[in-house]
Amino acid sequence: MTAYWVEWLNLLGRWLHFIVGIAWIGSSFYFVWLDNHLEAPADDADTKKGVGGELWSVHGGGFYHAQKYRVAPEELPANLHWFKWEAYTTWLSGMFLLALIYWYGAGVYLIDPAVASLSEAAAVGIGVATIIGGWVVYDLVCRSPLGRNTAVLGIIVFALIVAAAWGLCQVFSGRGAYIHFGALIGTIMVANVFFIIIPGQKRMVAAAAAGAPVDPNDGIRAKQRSVHNTYFTLPLLFVMISNHYAMTYGHAYNWLILIAMSVAGALIRVYFVARHKGKASPWPAIAAVLLLAGIAMAIAPAPRASQAVTPPVTTTDAPTGEGFEAVVAIVRNRCASCHATEPTQPGFLSPPGGVVLHEKRDIARQADAIYQQSVVTQIMPIGNLTGMQEEERALIGRWFEAGANSDE
């Protein structure tokens, strides 16, 4: 019964995370777009009262006139809308999911004995320390004199991100490493909002309300962190969907793939931000596409042997044989506890991905996936909970590469 309620918490938490994430990213992307489309005020009176840029737009059958002040208006409006709860709720719901799936289920999703022998407490402690420590280091670098040089700061932040990706992949399962990398990036993004952007805006509003000079440095700092957030967004979104793609996190060079995919996402964002400002060079987008194509080619599995030149595999009832019956025995012994209509593995209420691997016809139909997950990436069984042996993986590999024949 516990697994049932955990499944419901997972569903509701994921749904909330998805909804508020759309709201946060949507508003963030809109304001980046708006800021880069502003034009000089057409009315000199607007310029004199402090308007630095304006934009006319049409949407949903209505016309909108947006204006941005260089610092602040002389008199604040009665209603001033803030954008913060979208970010906070996205982080809170994301951390809830992280705790529910990867910390509560650390033995399944976070720890891989083939990577590092960790206790559940140690694994969770490393995860928490990485997330908190990552933000502290990033913030200190941004506040240091190095943070005044955009290029130098960018290089240092990138180096720290690479180190985090590599380090996490040395201690956690690929899936656990990827999601903690995403949690680190997401925490940096929301902490930028909570500790830098919103406090700066509050000081600006308070100064404007009191008729005191507004410190422009608050706006400069907020702008720097907002720029960082917009380039972090697409890498973070990749991590959010990466658990569906074991070919990335299950690869021997998973940390390098993670960085390459993140760079591709950032380059795509660079291109679109540049487009907001006018005619943009296509090279960032081209570089991103080439990088993605390079990743796909680099991690592609070896071509499957042609059926025409491969002798058929004979069927045997002996579990140690090379045939289909031996593969069936392995899959039923090592995989079917999770991939069953009613899983017997604790913590699983339904078969992962809806894949059932009990009947021979199901195993034959899923031959490609079984080979990819258990032989190529070796991320299944998850956390190797059922103790699949290397000899068994090799047997599955030989069966598949020889044509994956069955007696069905």
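Computed over heavy atoms, backbone and side chain alike; hydrogens, waters and symmetry mates excluded. Quick caveat: nothing in here was measured; it's all calculated off a predicted structure.
By the 6.0 Å contact criterion, NZ on K84 is enclosed, its count of non-hydrogen atoms from other residues, nucleotides or ligands being greater than 12. Applying the 6.0 Å contact sphere to CH2 of W166 captures no more than 12 heavy atoms from other residues, nucleotides or ligands. In the displayed structure, F96 atom CZ is contacted under 6.0 Å by more than 12 heavy atoms of other residues, nucleotides or ligands. Around the CZ atom of F63, the shell of radius 6.0 Å holds no more than 12 heavy atoms that belong to other residues, nucleotides or ligands.
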### Query
Taking it one step at a time, do H17 and M240 satisfy side chain to side chain contact (heavy atoms under 4.5 Å, CB included)?
CA-CA 10 Å; H17 190 55; M240 289 174 65; 3.7 Å; yes

### Query
Yes or no on ring-ring contact (aromatic ring centres under 6.0 Å, His included) for W85 and Y88, after CA distance, side-chain angles and deciding distance?
CA-CA 5 Å; W85 286 109; Y88 300 161; 5.3 Å; yes

### Message
Could you go through R269 and F29, starting from their C-alpha distance and side-chain angles, then the distance that decides it, and tell me whether this counts as side chain to side chain contact (heavy atoms under 4.5 Å, CB included)?
### Response
CA-CA 10 Å; R269 191 69 188 126; F29 277 19; 3.4 Å; yes

### Task
Show the numbers, then the answer: is there a side chain to side chain contact (heavy atoms under 4.5 Å, CB included) between I379 and Q373?
CA-CA 6 Å; I379 57 91; Q373 304 286 60; 3.8 Å; yes

### Pair F172-I126, side chain to side chain contact (heavy atoms under 4.5 Å, CB included): steps then yes or no
CA-CA 9 Å; F172 294 151; I126 292 172; 3.7 Å; yes

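T248 places a side-chain N or O within 3.5 Å of a backbone atom of Y245 that can act as its donor or acceptor partner. The closest donor-acceptor contact from the side chain of Q389 to the backbone of G387 lies under 3.5 Å. Remark: the backbone N or O of N333 is not paired with any side-chain donor or acceptor of S337 at under 3.5 angstrom. When atom types are taken as modelled, the side chain of S242 and the backbone of V239 share a donor-acceptor pair closer than 3.5 angstrom. Here the side chain of T377 pairs no donor or acceptor atom with the backbone of G250 at under 3.5 angstrom. Judged purely by atom type and a 3.5 angstrom limit, S93 has no side-chain atom pairing as donor or acceptor with the backbone of L16. Checked by atom type and distance alone, the side chain of R70 pairs as donor or acceptor with a backbone atom of V51 at under 3.5 Å. No donor-acceptor pair closer than 3.5 Å links the side chain of D46 to the backbone N or O of P41. With hydrogens and angles ignored, the 3.5 Å screen pairs no side-chain donor or acceptor of Q224 with any backbone N or O of A222.
What you find for W91 and G186 is that their closest heavy atoms are CD1-O, 4.1 Å. The heavy-atom pair separating G134 from I188 by the smallest distance is O-CD1, 4.4 Å. In terms of heavy-atom proximity, A116 sits nearest to V171 at CB-O, 3.6 Å. L55 and H37 get closest at one heavy-atom pair: CD1-O, 3.7 Å. Residues L395 and I330 come closest through the heavy atom pair CD2-CD1, 4.1 Å. Closest approach of P213 to A207, counting heavy atoms only: O-CB, 3.7 Å.
I19 has its side chain out of reach of I22: every pair of non-hydrogen atoms, C-beta onward, lies at least 4.5 Å apart. For the pair N384 and P113, the minimum side-chain heavy-atom distance is 4.5 Å or more. Contact check for V190 versus W24: side-chain heavy atoms found under the 4.5 Å cut-off. Side-chain contact check for Y30 versus W33: some heavy-atom pair is nearer than 4.5 Å. Annotation: side chain of L34 is in contact with side chain of F31 (closest heavy-atom distance under 4.5 Å). At a threshold of 4.5 Å between non-hydrogen side-chain atoms, the residues V214 and R203 do not count as touching. Taking the side chain as every heavy atom from C-beta outward, V355 and P351 never approach each other to under 4.5 Å. Within the 4.5 Å cutoff, side-chain heavy atoms of P352 are placed close to those of H339.
Relative ring orientation between H65 and W56 is described as parallel, the plane-to-plane angle staying below 30° on a 0-90° scale split at 30° and 60°.
A salt bridge links D139 with R225; the closest basic N to acidic carboxylate O contact falls under 4.0 Å. The pair K68-E54 does not count as a salt bridge, with every side-chain nitrogen at least 4.0 angstrom from each carboxylate oxygen.
Remark: L385 CG to M380 CE distance equals 10.0 Å, nearest 0.5 Å. Once rounded to the nearest 0.5 Å, the distance linking CG of N36 with CZ of R275 reads 12.5 Å. Taking CD1 from I131 and CG from L168, the interatomic distance works out to 9.0 Å, rounded to the nearest 0.5 Å. In this structure, I363 CD1 and E359 CD are separated by 8.5 Å, a value rounded to the nearest 0.5 Å. Taken to the nearest 0.5 Å, the SG atom of C142 stands 8.0 Å off from the CD1 atom of I196. Atom CG of L184 is separated from atom CE of M189 by 11.5 Å, given to the nearest 0.5 angstrom.
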In residues 148-159, what donor-acceptor pairs under 3.5 Å come from side-chain atoms, sequence neighbours left out?
unit_1: N149; atom_1: OD1; unit_2: A151; atom_2: N; d: 3.1
unit_1: N149; atom_1: OD1; unit_2: V152; atom_2: N; d: 3.1

N/O donor-acceptor pairs under 3.5 Å from side chains in residues 251-267, not counting sequence neighbours:
unit_1: H251; atom_1: ND1; unit_2: Y253; atom_2: N; d: 2.9
unit_1: N254; atom_1: ND2; unit_2: Y249; atom_2: O; d: 3.1
unit_1: S262; atom_1: OG; unit_2: L258; atom_2: O; d: 2.8

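When the options R365, K360, Q366 are evaluated for a side-chain hydrogen bond (donor to acceptor under 3.5 Å, both in side chains) with D362, the one that passes is R365.
For residues 220-244, the set of pairs meeting the ring pair (Phe, Tyr, Trp, His ring centres under 6.0 Å) definition, not counting sequence neighbours, comprises Y138-H228. Evaluation of the side-chain hydrogen bond (donor to acceptor under 3.5 Å, both in side chains) test over residues 108-135, restricted to residues two or more places apart or in two chains, returns none.
Partners of Q378 under the side-chain contact (heavy atoms from CB on, under 4.5 Å) rule, at least two apart in sequence or in another chain, are E390, R393. Take N217 and apply the side chain to side chain donor-acceptor pair (under 3.5 Å) test, not counting sequence neighbours, and it matches D215.
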